[in-house]
Amino acid sequence: MSEFSQSYHLLGSKEKAIELINHAGEQGFVFEDDNRWTTFVILGDEFRPSDSIVESNKDLLVHYVYAEDHGWSLSIFKQSALIFKFDCSWDEANIEDFDFDEEELAEMFGDGEVNAPSDEIFDLDVVKKLVEEAGNVSSDLEELFTKDPEVIFAMESPCAYQIAEKLGIFNYAWISADSLDRDDDFYKNVIKV
């Protein structure tokens, strides 16, 4: 079975994450915070950030998606403003999961290579600062945000995993609202909101 992970990571406490979900009028699950990031998922997510969550956000928020056979994306919001966005897909047949319109798809696959969608905000300094604040090395970030399929598949660990770890996010693999029923031990400390 392939991994489909989608989660939010709030720079703050679980109480702030619960408040955000409630204020947005959503339902979801909040994980115990790890003294830096609080991971949560919301019901009904469709591999893109929820408008209501983003509009209600008052802090720094990461939206993380990793679809093992399809691609990955990372969006970072400061309050409701998108300050970083990266999308990478290696499966043209199922790229609709990432909610690109036809114009963006034409841009991405016009020459047969994977390219960035037009609304991408790739300010590596945003990620670099967060990585360094987490106490991690940021010198290899540019190579981790690659779209070269040969480089991606030659890596020992997925780029998405490495970025999450550099950011200091602990809960990212195999996490989504849909997977909460599958592993009772892993999800035993989540809070239903």
Side-chain angles (χ1 to χ4, degrees), residues 4-34 36-67 70-89 95-105 107-108 116-131 133-134 141 145 159-161 163-164 166-180 190-193:
F4 285 95
S5 291
Q6 177 175 219
S7 51
Y8 295 88
H9 308 274
L10 184 69
L11 192 59
S13 68
K14 68 180 173 189
E15 291 78 19
K16 284 188 174 188
I18 292 168
E19 181 182 316
L20 171 57
I21 294 169
N22 285 328
H23 188 263
E26 298 285 355
Q27 293 180 340
F29 300 89
V30 177
F31 290 71
E32 289 294 322
D33 60 56
D34 60 19
R36 181 167 167 79
W37 296 100
T38 298
T39 300
F40 67 94
V41 297
I42 61 169
L43 301 176
D45 259 354
E46 297 179 7
F47 297 101
R48 64 179 174 266
S50 160
D51 290 339
S52 61
I53 291 290
V54 170
E55 291 166 8
S56 300
N57 181 43
K58 294 182 174 122
D59 296 296
L60 196 70
L61 179 69
V62 170
H63 181 254
Y64 171 91
V65 174
Y66 178 67
H70 308 289
W72 73 284
S73 70
L74 184 76
S75 300
I76 302 174
F77 300 88
K78 185 173 185 179
Q79 297 167 342
S80 62
L82 180 66
I83 59 172
F84 181 87
K85 183 175 190 220
F86 178 82
D87 291 301
C88 180
S89 176
I95 196 164
E96 68 273 3
D97 292 342
F98 287 90
D99 194 38
F100 297 121
D101 62 33
E102 287 182 28
E103 185 177 305
E104 290 171 322
L105 290 171
E107 286 179 34
M108 292 171 70
S118 58
D119 66 341
E120 187 167 282
I121 299 172
F122 191 76
D123 183 355
L124 205 53
D125 289 338
V126 169
V127 178
K128 181 179 179 182
K129 180 180 179 203
L130 290 170
V131 166
E133 286 174 358
L141 283 178
F145 283 104
C159 302
Y161 282 16
I163 297 295
K166 284 185 170 290
L167 289 169
I169 295 171
F170 296 122
N171 297 311
Y172 59 86
W174 294 92
I175 292 178
S176 71
D178 292 335
S179 67
L180 289 173
V190 297
I191 301 164
K192 186 175 182 175
V193 181

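Worth saying up front: this structure is predicted, and the values here are computed from it rather than measured.
Minimum heavy-atom separation, Phe77 to Asn57: O-ND2, 3.9 Å. The two residues Lys192 and Phe29 make their nearest non-hydrogen contact at CG-CE2, 3.6 Å.
Within the model, atoms CD1 of Ile76 and NZ of Lys129 stand 11.5 Å from one another, a figure rounded to the nearest 0.5 Å. To the nearest 0.5 Å, the span separating CG on Leu74 from CD1 on Ile169 amounts to 7.0 Å. Atom CD of Glu133 is separated from atom CZ of Arg36 by 5.5 Å, given to the nearest 0.5 angstrom. Here the straight-line distance linking atom CG of Leu61 with atom CZ of Phe40 works out to 5.0 Å at 0.5 Å rounding. Taking OG1 of Thr38 as the reference point, atom CG of Asn171 lies at 9.5 Å (rounded to 0.5 Å). Atom NZ of Lys78 is separated from atom CD1 of Ile83 by 6.5 Å, given to the nearest 0.5 angstrom.
Ser89 places a side-chain N or O within 3.5 Å of a backbone atom of His70 that can act as its donor or acceptor partner. The backbone N or O of Val62 sits nowhere less than 3.5 Å from a side-chain atom of Trp37 that would complete a donor-acceptor pair. Ser5 contributes a side-chain N or O that, together with a main-chain N or O of Ile175, makes up a donor-acceptor pair within less than 3.5 Å. A donor-acceptor pair under 3.5 Å is absent between the side-chain atoms of Tyr8 and the main chain of Ile53, judged by distance alone.
Counting heavy atoms of neighbouring residues, nucleotides and ligands inside a 6.0 Å radius, atom CD of Gln27 does not exceed 12 of them.
Evaluated for a ring-ring contact (aromatic ring centres under 6.0 Å, His included) with Trp72, the options Phe145, Tyr161, Tyr172 yield exactly one hit, Phe145. Test His9, Gln6, Arg48 against His63 for side chain to side chain donor-acceptor pair (under 3.5 Å) and you get one pass: Gln6.
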